[in-house]
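Order of listing sets the numbers, starting from 1, for every ligand and every atom in it. On a predicted model such as this, the values are computed, not experimentally measured, just so you know.
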Amino acid sequence: MRVLIEPSVSSVAARAASLVDALVRAKPACVIGVAAGATPLAMYALLTEPGRSLDFSRITVFGLDEYLGLDATHPGSCAATLRNHFLDKAGIAPSQTHLLDGKAQGDLAAYCAAHEDRISRAGGLDLQILGLGVNGHIGFNEPGCGLASRTRLVGLRRSTRSTNAPIFAPDPVPEAALTMGIGTISSARRILLLATGPAKADAVTKMIEGPVSALVPATALQLHPDAVVVLDEAAAAGLRLAQDYRDEARIVLERGGLGAL
Ligand SMILES: N[C@@H]1[C@@H](O)[C@H](O)[C@@H](COP(=O)(O)O)O[C@@H]1O
């Protein structure tokens, strides 16, 4: 795992955007899994700035997760967040986009298997972008989930529902979701996880320095060959080896960076 500690929320966005930018320039027909949530939005804003002139015309995008029961136009849906903050601004067409449908009906296991199939047929994920839940979830893979899980229907933990309550107030938070599994995420060639702010510090410490455990699903990233974690100082505040990560990041970045996959 590469741990990059940045001085501010905005430099987290800039660092993460530079990594995505490098991938898209090196491989214009790349396949990227995209996360909603608040954390990656500043990165998406940088990636879609007109001055950046990044060409997204050949990329393929897969959605990470979605609340079950929400239409893609619901403002609390992951789909609406991704469309408003990234896909529409980047000019990424629906034909290039495979989001999970919160209104999927019928055989959800088959629906989720089809998401996996589409990822495989696209050649697999070059990059999976992730945020981090305060309880250590990634996507909607909640504590206690299987570390080899694939895209599936899940129940949301009470802690997640109360964290996300302001997004839906006064309505209740949906109790179920569709999410790529830990196995799906782990199959991506590179993972880029962003975490900012003091509320994430405990989950960040466990994710990077704790034992690999289903109780903290993000610890599965410790087993990934190319996981990059970009943190601000507040999210990194609990790391025992913070100075070592800073030193190593400087060494790596001075000698050619992290590569573009
Ligand atoms: N399921 C989503 C995740 O995909 C997201 O990455 C995470 C962090 O969200 P935020 O970035 O808003 O803190 O929690 C949500 O519940």
Side-chain angles (χ1 to χ4, degrees), residues 6 9-10 12-13 16-17 20 32-46 61-70 72 74-87 99-102 112 115 125 127-145 149 151-169 172-182 184-186 188 191-204 206-207 216-221 227-232 234-236:
E6 294 289 335
V9 172
S10 60
V12 167
V20 178
I32 300 183
V34 287
T39 311
L41 301 187
M43 175 191 74
Y44 293 142
L46 292 176
V61 168
F62 284 89
L64 171 68
D65 55 4
E66 185 58 277
Y67 294 97
L68 194 67
L70 295 195
H74 188 294
S77 70
C78 298
T81 301
L82 290 167
R83 289 207 186 286
N84 295 337
H85 291 271
F86 182 47
L87 302 172
L99 302 184
L100 287 161
D101 180 3
C112 292
H115 195 64
L125 298 164
L127 176 70
Q128 177 61 53
I129 295 163
L130 295 174
L132 177 67
V134 291
N135 66 359
H137 74 218
I138 46 177
F140 273 129
N141 294 283
E142 296 276 43
C145 72
S149 51
T151 304
R152 69 205 184 289
L153 170 65
V154 293
L156 300 183
R157 299 294 180 260
R158 287 172 189 218
S159 59
T160 296
R161 294 182 72 208
S162 72
T163 301
N164 292 356
I167 300 170
F168 295 93
V173 183
E175 61 179 9
L178 303 176
T179 184
M180 284 188 200
I182 298 289
T184 322
I185 292 165
S186 298
I191 294 172
L192 175 61
L193 183 145
L194 282 60
T196 56
K200 301 290 173 71
D202 182 53
V204 163
K206 289 173 177 161
M207 168 178 70
V216 185
T219 58
L221 270 53
V228 180
V229 175
V230 188
L231 309 169
D232 70 347

**Student:** Quick test: of every protein heavy atom, which one is nearest to atom 16 (O) of ligand 1, and how far off is it to 0.1 Å?
**Tutor:**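 Among all protein heavy atoms, the one nearest atom 16 (O) of ligand 1 is N164 ND2, 3.0 Å.
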**Student:** Drop me the distance from M43's CE to S10's OG, to the nearest 0.5 angstrom.
**Tutor:**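 Rounded to the nearest 0.5 Å, the CE-OG separation comes to 14.5 Å.
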**Student:** N/O of G139 under 3.5 Å from N/O of ligand 1, yes or no?
**Tutor:** yes
**Student:** Tell me which protein heavy atom sits closest to atom 6 (O) of ligand 1, plus the residue, atom name and distance to 0.1 Å.
**Tutor:** G131 CA, 3.3 Å
**Student:** Please list the nearest protein heavy atom to atom 13 (O) of ligand 1 with its residue and the distance rounded to 0.1 Å.
**Tutor:** K200 NZ, 2.6 Å
**Student:** Nearest protein heavy-atom contact for atom 9 (O) of ligand 1: which residue, which atom, what distance?
**Tutor:** G37 CA, 4.0 Å
**Student:** Checking side-chain polar atoms at under 3.5 Å, does N135 have a donor or acceptor matched by the opposite partner on R158?
**Tutor:**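 Not at all, the side chains of N135 and R158 share no donor-acceptor pair under 3.5 Å.
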**Student:** Are any side-chain N or O atoms of K200 and backbone N or O atoms of L132, one a donor and one an acceptor, separated by less than 3.5 Å?
**Tutor:**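 Yes; at least one donor-acceptor contact below 3.5 Å.
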**Student:** Can you sort out which atoms of ligand 1 are near T39, meaning under 4.0 Å from one of its heavy atoms?
**Tutor:**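 Per the distance check, 10 (P), 11 (O), 13 (O).
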**Student:** Can you tell me the protein heavy atom closest to atom 15 (C) of ligand 1 and the distance?
**Tutor:** H137 NE2, 3.5 Å
**Student:** If you round to the nearest 0.5 Å, how far is CE of M180 from CG of D65?
**Tutor:** 8.5 Å
**Student:** Return a yes/no value for Y67: is any of its N or O atoms, backbone included, closer than 3.5 angstrom to an N or O of ligand 1?
**Tutor:** no
**Student:** Among all residues two or more places apart in sequence or in another chain, which pass the side chain to side chain donor-acceptor pair (under 3.5 Å) test with T179?
**Tutor:**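 Checked T179 against side chain to side chain donor-acceptor pair (under 3.5 Å); zero matches.
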**Student:** How far is atom 8 (C) of ligand 1 from its nearest protein heavy atom, and which residue and atom name does that atom have?
**Tutor:** L132 O, 3.5 Å
**Student:** Among residues at least two apart in sequence or on other chains, which ones pass side chain to side chain donor-acceptor pair (under 3.5 Å) with Y44?
**Tutor:** none
**Student:** Between the main-chain N or O of G63 and the side-chain N or O of H115, is there a donor-acceptor pair closer than 3.5 Å?
**Tutor:**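 A pair under 3.5 Å: yes.
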**Student:** Between ligand 1 and A35, can you find any atom pair, the residue atom being a heavy atom, that is separated by under 4.0 Å?
**Tutor:** no
**Student:** With respect to A38, determine whether any N or O atom, backbone or side chain, lies less than 3.5 Å from an N or O atom of ligand 1.
**Tutor:**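 Among all N and O atoms of A38, at least one is under 3.5 Å from an N or O of ligand 1.
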**Student:** What atoms in ligand 1 come closer than 4.0 Å to a heavy atom of D65?
**Tutor:** 1 (N), 2 (C), 3 (C), 4 (O)
**Student:** Between E142 and G155 (side chain of the first, backbone of the second, donor and acceptor by atom type, cut-off under 3.5 Å), is there such a pair?
**Tutor:**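 No; zero donor-acceptor contacts below 3.5 Å.
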